[in-house]
Amino acid sequence: MSIRDIIEGKKQWRAHMARVKALPPDYQVVYKEMQRYYFKVGPVDLVGGSLLSGIVDFFEEGVADGKGVLELIGDDVAAFADDLIKDSRTYADIYQESISGKVGPAGK
């Protein structure tokens, strides 16, 4: 990874966070909780994937439709977050596979 890649990544992250900050406060709270959860759980494709930007896109559509965030995703934010990554490999899966020698269902 070059310096140019790092700088470009930071620019993209700042633009992403600017979109989050433009959301209504209730959407921001839910997004930040989901983001914190994903950073802990560690879906492998989180960094290079489109999960977080897809959530912001989804939330922006909800705002445009005049819906509240819980009306959009339901009352159980954790279940919604888990459902988005249910088929994704996590770093915990990789670690478990490394110590057990078995490839789990998410690793197939």
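The 12-atom threshold is not exceeded at OH of Y95, counting heavy atoms of other residues, nucleotides or ligands nearer than 6.0 Å.
With values rounded to the nearest 0.5 angstrom, D76 atom CG is found 10.0 Å from L70 atom CG. Of the inter-residue distances, the one linking F58 atom CZ with Y27 atom OH reads 8.0 Å to the nearest 0.5 angstrom. Note that the CD1 atom of I73 and the CG atom of D83 stand 11.5 Å from one another [nearest 0.5 Å]. M17 CE to K32 NZ: the interatomic distance, rounded to the nearest 0.5 Å, is 5.5 Å. Separating the CD atom in E8 from the CZ atom in R4 is a distance of 9.5 Å, to the nearest 0.5 Å.
Between the side chain of S2 and the backbone N or O of D5 there is at least one donor-acceptor pair closer than 3.5 Å. In terms of modelled atom types and a separation under 3.5 Å, the side chain of D93 and the main chain of T90 share a donor-acceptor contact.
Taking the side chain as every heavy atom from C-beta outward, E97 and R89 approach each other to under 4.5 Å. With contacts defined as side-chain heavy-atom distances shorter than 4.5 Å, the pair F59/V20 does not qualify. Side-chain contact between K40 and Q35 is absent, with no heavy-atom pair separated by less than 4.5 Å. Considering only heavy atoms from C-beta on, D26 stays 4.5 Å or farther from V30 through its side chain. In this structure, the side chains of L84 and Y38 come closer than 4.5 Å at one or more pairs of heavy atoms.
By the 30° and 60° cut-offs, the orientation of the rings of F39 relative to W13 is tilted.
Closest of all the heavy-atom pairs between L72 and K67 is CD1-CD, 4.1 Å. A pairwise comparison of heavy atoms in V63 and P24 identifies CG2-CD, 3.4 Å as the closest pair. Nearest approach of A81 to Y37, heavy atoms of both residues: CB-CD2, 4.1 Å.
No chain of hydrophobic side-chain contacts below 4.5 Å, direct or via other Ile, Leu, Val, Met, Phe, Trp or Tyr residues, connects M34 to V29.
The other residues sharing a hydrophobic cluster with I7 are I3, where clustering joins ILVMFWY side chains under 4.5 Å apart.
Applying the side chain to side chain contact (heavy atoms under 4.5 Å, CB included) test to E60 and every residue at least two apart in sequence or in another chain returns R19, L23, V56, D57.
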